[in-house]
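These figures come from a predicted structure and were not determined experimentally. The figures that follow rest on heavy atoms only: side chains count, while hydrogens, waters and symmetry mates do not.
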Amino acid sequence: MTDRYASFVQSAAGRALVKRLGLPDPPRLRRHHPGDPLLAGPALLGAATGGRLAEPITKILTAAGVELADPTGATPQRYGALLFDATGITDSTELRQLYDFFHPQARAVLPSGRVIVLGTPPQECPTPREATAQRALEGLVRSIGKEFGRGSTAQLVYVTRTGGDTADGPTLSADTATSLESTLRFLLSGRSAYVSGQVIRVGGGAASAPADWNRPLDGQVVLVTGAARGIGAALAKVLARDGAQVVALDIPAAGDALAAVANDIGGTAVQLDLTAPDAPARLAEHLASRHGRVDVVVHNAGITRDKTLGRMDADRWDQVIDVNLSSQERINDVLLERELIPAGGRVISVSSIAGIAGNRGQTNYATSKAGVIGLVDSLAPALRERGISVNAVAPGFIETRLTARIPLVVREAGRRMNSLAQGGLPVDVAETIGWLAWPASGAVSGNVVRVCGQSLLGA
Ligand code: NAD
């Protein structure tokens with residue numbers, strides 16, 4: 001589905017009209033193309049006194065080919081990214097260092113630029129004062145996401161300080177360092193075009209760096225449910241591009257479209273209704289006999305059956321809960337029981353901002369999608385011991401057939417009510433799931449990452 005308004009705004013006549021009337025001005029977002037540099041310009045790195053991450057971040061950025069700007073450089077520059085290591089901040093009075101770093105650069109960020117603040121998870125802080133100051137970072141980041149504009153995004157990354165302790169004090173463990181690298185590579189690149197205002201926790205879990213960061217999923221067997229169209233089809237494409245062997249699953253009625261997706265990417269197709277009583281066993285047998293395992297399970301299939309609660313028949317309720325939530329649980333149970341998801345494996349579910357904010361006419365859908373978040377919260381700690389990470393993405397307004405069915409006025413409101421003033425594309429959700437699936441992202445677990453352009457809903 002195309003956003004005609006956004007295309008018009010990007011024309012010369014559109015630009016003039018938007019300026020004169022003060023209309024929403026959706027910028028053209030920088031999206032990833034293989035071989036692209038991570039950033040459109042140099043990165044400026046700042047750090048609070050006593051921070052612990054400047055060194056590993058410098059190493060990661062240098063390895064990724066990012067040009068680091070000289071903070072003392074006399075000529076004013078424009079930056080592809082501003083990064084600030086705030087882990088040294090231990091008291092609210094020290095938050096001033098954020099102002100001192102960001103204030104002079106607020107207008108120096110290039111279009112589709114990136115702002116990343118790194119902190120320590122408040123629950124790991126030794127004093128209430130430090131925990132308070134670290135929690136405060138969220139307000140800064142979310143506000144920058146709303147202020148800087150022109151397609152720029154802002155995120156807070158909390159990096160654990162446990163796991164790599166030495167006699168000299170806490171250092172990053174190798175796993176955390178690898179997942180910090182995968183996370184920075186994702187957030188800085190065009191892959192995260194529609195992700196903004198997010199808080200991501202890195203730490204706790206095993207991670208391995210790829211031989212080639214352009215093929216971060218090389219050799220991984222990935223199951224994608226609901227792969228015949230929409231977000232699932234984009235997912236199959238992105239994961240295959242990044243090196244995965246994709247097993248694409250959808251209902252038999254979508255068999256032709258599913259076969260087209262699978263053929264296009266050299267993957268395999270499985271026609272299966274996930275709600276069938278024997279679906280988990282049949283799927284497990286297919287994966288065991290064809291591949292012997294499944295490294296990444298992406299639960300993407302989902303349906304809506306909207307009605308206000310008073311008018312909703314029980315069938316609509318049951319179908320939505322069963323497809324969107326219960327079938328995921330049944331499949332996880334069987335794949336885990338049969339040990340088909342090995343150490344280093346990933347379970348990634350697709351939730352929705354409706355599961356965070358609720359939505360009129362979607363009690364069934366929002367319940368199922370909030371349940372998906374519950375699934376992440378409850379499974380992640382248990383599966384960490386088996387070396388398996390569990391995360392969810394929560395898309396906002398994404399341009400698919402699902403959203404094309406929304407009445408025009410509501411659809412237009414949904415599109416514009418976010419910091420980027422436009423709907424996301426299926427590829428934006430796919431790239432985010434891709435990053436969570438990388439072997440290098442194993443120390444990112446228990447997160448729910450919204451792909452919503454920092455939607456005002458459920459903020
Ligand atoms: P879509 O309707 O285009 O695709 C969903 C796919 O799931 C279809 O191919 C369908 O055949 C398949 N499917 C449905 N029931 C199934 C079953 N029982 N067994 C096997 N396959 C089944 O939807 P989409 O927009 O691509 O959404 C994908 C996911 O993203 C869903 O979980 C949806 O809830 C979620 N989501 C979408 C948006 C959005 O704006 N499009 C927003 C938030 C969340």
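In Arg135, the CZ atom is not crowded: 12 or fewer heavy atoms of neighbouring residues, nucleotides or ligands sit closer than 6.0 Å. Within 6.0 Å of the CZ atom in Arg384, the count of heavy atoms belonging to other residues, nucleotides or ligands exceeds 12.
Here the OG-CH2 distance, from Ser189 to Trp435, works out to 10.5 Å after rounding to the nearest 0.5 Å. With rounding to the nearest 0.5 Å, the separation of CG in Leu184 from CZ in Arg114 is 12.5 Å.
Of the possible donor and acceptor atoms, one in the side chain of Gln155 sits under 3.5 Å from a partner among the backbone N and O of Val195. With Asp212 contributing its side chain and Asn214 its backbone, the two residues share a donor-acceptor pair below 3.5 Å. In terms of modelled atom types and a separation under 3.5 Å, the side chain of Arg30 and the main chain of Gly113 share no donor-acceptor contact. Here the side chain of Asn324 pairs a donor or acceptor atom with the backbone of Ile303 at under 3.5 angstrom. Between the side chain of Asp175 and the backbone N or O of Ala207, at least one donor-acceptor pair lies under 3.5 Å. When atom types are taken as modelled, the side chain of Ser179 and the backbone of Thr176 share no donor-acceptor pair closer than 3.5 angstrom. Judged by distance alone, the side chain of Ser445 and the main-chain N or O of Val390 form a donor-acceptor pair under 3.5 Å. At least one donor-acceptor pair closer than 3.5 Å links the side chain of Gln454 to the backbone N or O of Arg142. Between the side chain of Gln220 and the backbone N or O of Gly243, no donor-acceptor pair lies under 3.5 Å. Formation of a donor-acceptor pair under 3.5 Å by the Thr403 side chain with backbone atoms of Ile398 is found in this model.
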Which is it for Asn300 and Ile433 under the side chain to side chain contact (heavy atoms under 4.5 Å, CB included) test, yes or no, and what are the steps along the way?
CA-CA 10 Å; Asn300 163 74; Ile433 291 175; 5.6 Å; no
Give the intermediate values and the outcome of side chain to side chain contact (heavy atoms under 4.5 Å, CB included) for residues Phe186 and Thr432.
CA-CA 8 Å; Phe186 168 69; Thr432 308; 3.5 Å; yes
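The closest side-chain donor-acceptor pair between Glu124 and Thr160 falls under 3.5 angstrom. With no hydrogens or angles considered, a side-chain donor-acceptor pair links Arg52 and Thr120 at under 3.5 Å.
Side-chain contact check for Leu95 versus Leu137: some heavy-atom pair is nearer than 4.5 Å. Contact check for Asp322 versus Gln319: no side-chain heavy atoms found under the 4.5 Å cut-off. Within the 4.5 Å cutoff, the side chain of Ile89 has heavy atoms near those of the Leu98 side chain. Taking 4.5 Å as the limit, some side-chain heavy atom of Leu249 sits within range of a side-chain heavy atom of Leu283.
Tested against His299, the residues Leu325, Val350, Ile331, Leu375 include a single side-chain contact (heavy atoms from CB on, under 4.5 Å) partner, Ile331.
Between Glu181 and Arg185, at least one side-chain nitrogen of the basic residue sits less than 4.0 Å from a carboxylate oxygen of the acidic one, meeting the salt-bridge criterion. Under the 4.0 Å criterion applied to side-chain N and carboxylate O atoms, Arg31 and Asp36 are not assigned as salt-bridge partners. Between Asp242 and Arg191 there is a salt bridge, with a side-chain nitrogen of the basic residue lying less than 4.0 Å from a carboxylate oxygen of the acidic one.
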